[in-house]
Every structure is written in structure tokens, then in C-alpha cells.
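This report refers to the structure that appears directly beneath it.
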Number of protein chains: 2
Amino acid sequence: MTAQATNRAPRRVPLSRERVLDAAIKLVDQGGLGSLSMRKLGQELGVEAMALYYHFANKDEVIDGIVDIVFSEIELPTDGTDWRTAMRRRAISMRDVLLRHRWAINLMESRRNAGPANLRHHDAVIGNLRAAGFENAMVARAYSLLDAYIYGFALTKINLPFDATEEVAEVAQGMLQRFPVNEYPNLVAYIAEHLKPGYDYGDDFEYGLDLILDGLEKASSTA
Amino acid sequence: MTAQATNRAPRRVPLSRERVLDAAIKLVDQGGLGSLSMRKLGQELGVEAMALYYHFANKDEVIDGIVDIVFSEIELPTDGTDWRTAMRRRAISMRDVLLRHRWAINLMESRRNAGPANLRHHDAVIGNLRAAGFENAMVARAYSLLDAYIYGFALTKINLPFDATEEVAEVAQGMLQRFPVNEYPNLVAYIAEHLKPGYDYGDDFEYGLDLILDGLEKASSTA
DNA sequence: CGGCCTGACTGTACGGTGTAAAGTTCGCAG
DNA sequence: CTGCGAACTTTACACCGTACAGTCAGGCCG
């Protein structure tokens with residue numbers, strides 16, 4: 001039972017891409033992309049920063065990795081689901097994922113090295129639309145429109161400089177206070193009438209989503 | 001005619017917020033947000049980095065400034081224009097502006113200190129929709145939907161890791177090469193059939209925009 | 001068993017970043 | 001001429017990504 005008996009474990013479990021990426025996601029979910037530094041990441045793993053470069057070529061490769069993890073969390077269309085249901089579920093799942101990983105939005109479509117989950121996702125969506133009879137031009141339009149809406153919604157919602165509903169009016173008022181009264185009458189009226197506590201900007205997501213799906217359905221049936 | 005005669009101009013024209021912001025926009029339009037540093041900005045203006053802190057509290061204030069300049073470039077609805085025309089023109093103008101200042105998208109809705117152009121923009125859009133008879137809840141939905149689409153489209157288009165149409169297929173092929181053949185059959189088929197030279201992803205913007213405007217029009221008329 | 005190799009990691013260093021704090025210089029008011 | 005305040009510079013600090021060289025344990029070969 002002495003320590004050296006059973007070859008007492010290598011002085012430390014070696015790193016792995018997976019362990020590093022998990023730690024990176026944790027860091028970044030907490031403090032945003034800005035709080036992901038190689039030094040902090042190393043610290044989180046009990047290792048010097050430079051150790052990470054044994055497993056990743058550079059920081060970008062780490063980011064590629066966590067982006068693909070985010071993609072893997074989005075619900076894929078299952079075979080045979082009709083396109084409208086599949087797209088609706090995907091959109092809502094994607095919005096949830098993006099809101100859970102607020103840092104990811106800017107990166108999802110910008111990486112030159114798409115990971116397997118990313119490609120799988122695109123493959124499944126395109127497959128579902130093609131199976132539903134959409135021709136290529138229509139696949140492109142539908143996909144572009146839906147993704148733009150989902151990303152854009154997540155982007156605007158995440159970037160809103162307030163979180164809780166209660167604060168909305170306050171922040172808005174604060175912004176306006178620095179300007180002459182009645183400089184922005186419509187904005188003022190709108191805020192006063194509409195931004196009451198209880199209003200959640202996020203509720204409008206499904207309204208817009210269904211409006212878009214309606215439009216696509218009509219377009220695909222008359223084509 | 002000697003140099004000291006007419007009080008030979010202060011050793012140098014002093015900085016101004018405007019001059020600084022112009023230089024900042026120039027830097028950032030060329031090399032992205034990442035290439036905006038206080039030192040480079042100072043250098044651009046023939047001044048040490050710390051001189052900027054006499055005119056701006058910090059770098060964030062500089063960014064607030066250039067974001068508001070971007071807002072000021074978006075075409076505002078003019079009084080009396082019917083909402084659909086106004087929204088369509090605004091959307092296209094906004095897309096153009098965002099594509100011209102690719103770095104701005106992430107920042108447009110995230111700044112805690114909205115500038116005057118930003119507020120003026122919101123005021124004008126809300127004013128137009130209200131004048132068209134949209135009630136507050138509908139104003140919120142329409143605005144949210146349109147902005148999400150515009151931002152999302154700009155975001156996905158800008159983030160596309162290729163520029164010229166010609167490259168699209170190549171880049172896509174490059175991504176796929178690292179994976180087993182037939183791992184992503186739908187994606188492969190789609191790329192082969194649709195991403196021919198000549199296809200411009202950006203052309204789909206107006207299709208989606210009109211689909212959304214159609215939906216909003218129907219909703220507002222049946223309300 | 002001795003020697004060596006190699007996988008995994010550490011140490012040190014360089015040029016970059018934002019910005020706090022103090023020092024400098026110059027035009028102008030008194 | 002004095003003094004002051006606006007505008008700018010100097011210096012410094014803590015942090016960043018990462019190049020490059022060094023270290024050290026475990027496994028393999030003779």
C-alpha cells in the first residue's frame with residue numbers, strides 16, 4: 001500500500017484535446033470569449049500555458065474545437081420528419097444553444113476549419129429540405145433566411161445591454177437622459193407604453209419564426 | 001516671411017474627437033476591429049497613444065464613437081413614406097452599411113452607451129411603424145424580425161470564410177477533404193449542384209426580405 | 001542493467017495590448 | 001515676467017499569444 005507500489009500513476013493524467021476543450025468551454029461560458037487565454041486555460045488544467053501547444057497548434061485551433069462542440073449541441077432533423085416541424089425544432093434548439101453559449105454566435109460561421117459536427121449539421125438540414133422536395137435554389141433561400149433570422153435574433157438578444165426585463169426601461173431611460181427632452185419622441189412613447197415590466201423581448205422569436213415558415217410553405221407549394 | 005513671423009501655427013493641430021474617430025474608422029475598415037489599438041491609432045494621428053486619453057476616457061469610448069458613425073450612415077425612413085417602402089429601403093441600406101463596415105455588426109446592439117445617431121435611427125423606425133398604424137406589440141415584432149434578419153444576414157455573409165464566388169466550391173471541397181467520402185452526402189450533392197461559379201449567396205437577401213414584408217403586411221391587415 | 005529516445009511538459013523571452021500616474025511643454029491671462 | 005491649464009509624452013505594469021530551448025519520467029533496445 002505504499003505509494004510507489006503499483007507504479008503510482010504517472011505524475012499526472014496527461015492532457016487530451018477533450019479535457020482542454022471542456023475547460024475552454026467552461027471558461028468561455030462564464031466570462032465570454034475575452035476571458036479565454038492560454039494562461040488561464042492552462043491554470044484551469046493545472047498546467048503551464050505552453051503545455052497546450054503540444055496538443056493544439058495555436059489558440060485558433062482551440063476555438064475551432066469549442067465552436068464544433070456548440071454545433072454538436074444543436075438538435076438535428078431526424079429522418080422522415082416533415083420539413084416544417086424539423087426546421088421549427090432546429091431553430092428553437094439552435095436559439096437555445098446560442099443563448100447558452102453567448103460567445104459563440106460570432107464564430108459559428110466564420111471558422112475556416114469547420115468541424116465534423118458543423119458539417120453534419122449542414123448535411124442534415126440540407127438533406128431534410130431536399131427530401132421535402134425543395135430544389136437547390138429554394139434550399140439555399142430557405143436555409144439562408146432561417147439561419148439569418150436565428151443568428152440575428154440571438155445576436156440582437158444577446159447584445160442587449162440588459163438582462164432582466166425589469167431593467168429594460170431603466171437602461172433605456174438612462175440612455176435618453178443624456179439628450180434633450182423630446183429629441184426622440186417616438187422612442188420615448190414606445191418605451192413608456194410598451195416596455196413595461198413583464199415584457200420579454202425574447203417571446204417574439206417564435207412569432208417571427210412562424211411567419212417565415214408560413215412564407216416558405218407558401219413559396220414551396222406554389223413552385 | 002520667417003517661420004516665427006505669424007505665430008507659426010501651434011506646433012501641431014490639436015486632436016479632436018472627430019479626427020480621432022475618423023482615423024479609427026479608417027483603421028478598422030481596413031484591418032478589422034482587431035487592428036484598432038490605441039498605439040496604432042495614435043501613430044496614425046502622429047501622437048503618442050496616451051494622448052488619446054485626454055479626449056476619450058478609454059478605448060470603449062472610441063468604439064462607441066465609431067459605432068454611432070456607422071448608425072449615422074443608415075438611411076432613415078422619411079416622413080410620410082409608407083411603411084413597407086420605408087422598411088425595405090432601410091433594410092437594404094443597413095445591409096450595405098454593415099457590409100461596408102464588417103467589424104460593426106457585433107457592436108451595433110451591444111453598446112451600453114447608444115449614441116445620438118443610434119437613437120435617432122430607432123426613433124425614426126418606430127415612428128414610421130406607429131404612423132402606419134402598427135400597435136406597440138406589432139411594432140416590436142416587426143422591428144425585431146426585420147433587424148434580426150438584417151443583422152443575421154450580414155453576420156452570416158460576412159463570416160463566410162470566402163469572398164469571391166469562384167472560391168466557394170473550392171473552400172467547401174477543402175473542408176470536406178479531411179473527412180471520409182460519403183460522410184456528408186447531402187452536403188456534397190448540394191455543393192456540386194448548386195455552388196457553381198456565378199452563384200452569389202448575397203442575392204438571396206431581397207428574397208427573404210420580401211417574404212418577411214409580405215408576412216408583416218398580411219399580419220397587419222388582418223389585425 | 002545502462003543508455004537513449006521520445007512524449008509531455010516547463011522556463012524564459014519577445015513584442016504586442018490597455019491604461020494608471022506622473023512629468024513635460026507651450027500659449028496665453030494677469 | 002509669472003503662473004496656469006490644456007495638450008501631450010514618458011514610464012510603468014500586468015496581461016496577451018507564442019517561438020524556442022530546456023527538463024524529466026517512462027519505455028524500449030542492446
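Just so it is clear: chains get the letters A, B, ... in the order the sequence lines come, proteins before strands, and each one is counted from 1. Scope of the values below: all heavy atoms of this structure, side chains included, with no hydrogens, waters or symmetry mates.
Across B/Arg130 and A/Ala189, no two heavy atoms sit closer than the pair NH2-CB, 3.5 Å. A/Glu193 and B/Asn136 get closest at one heavy-atom pair: OE1-ND2, 2.7 Å.
Test B/Leu36, B/Leu98, B/Val70 against B/Trp103 for side-chain contact (heavy atoms from CB on, under 4.5 Å) and you get one pass: B/Val70.
Summarising the geometry, the separation between CE on A/Met38 and P on C/dT17 is reported as 20 Å, rounded to the nearest angstrom. In this structure, B/Met50 places its CE atom 10 Å from P of C/dA21, rounding to the nearest Å. A straight line from CG of A/Leu45 to C1' of C/dT10 spans 15 Å, rounded to a whole angstrom. When rounded to the nearest whole Å, the span between CG of A/Leu33 and C1' of D/dC16 equals 13 Å. The distance between atom CD of A/Glu48 and atom C1' of C/dT12, rounded to the nearest whole Å, is 11 Å. Rounded to whole Å, atom P of D/dG17 lies 11 Å from atom CG of A/Leu27.
The neighbour count for A/Glu18 CD, taken as heavy atoms of other residues, nucleotides or ligands under 6.0 Å away, does not exceed 12. Sparse packing is recorded around CZ of A/Arg120, with 12 or fewer heavy atoms of other residues, nucleotides or ligands lying under 6.0 Å away.
At least one side-chain nitrogen or oxygen of B/Arg39 sits closer than 4.0 Å to the OP1 or OP2 atom of C/dT17.
Listed in residue order, the members of residues 51-61 of chain B having a heavy atom less than 4.0 Å from DNA chain C are B/Tyr53, B/Asn58, B/Lys59.
If one axis is set at each end of the helix from C/dC1-D/dG30 to C/dG30-D/dC1 from five pairs, those axes are 30° apart, to 10°.
Between B/Tyr184 and B/Phe179, the two ring planes are perpendicular [angle over 60°; tilted spans 30° to 60°].
With sequence neighbours left out, the side-chain hydrogen bond (donor to acceptor under 3.5 Å, both in side chains) criterion links A/Lys26 to A/Glu44.
Side-chain proximity of A/Leu15 to C/dC9, C/dA21, D/dT18: nearest is C/dC9.
No side-chain donor-acceptor contact under 3.5 Å links A/Tyr190 to the backbone of B/Asp123. Between the A/Arg17 side chain and the A/His55 main chain, a donor and an acceptor come within less than 3.5 Å of each other.
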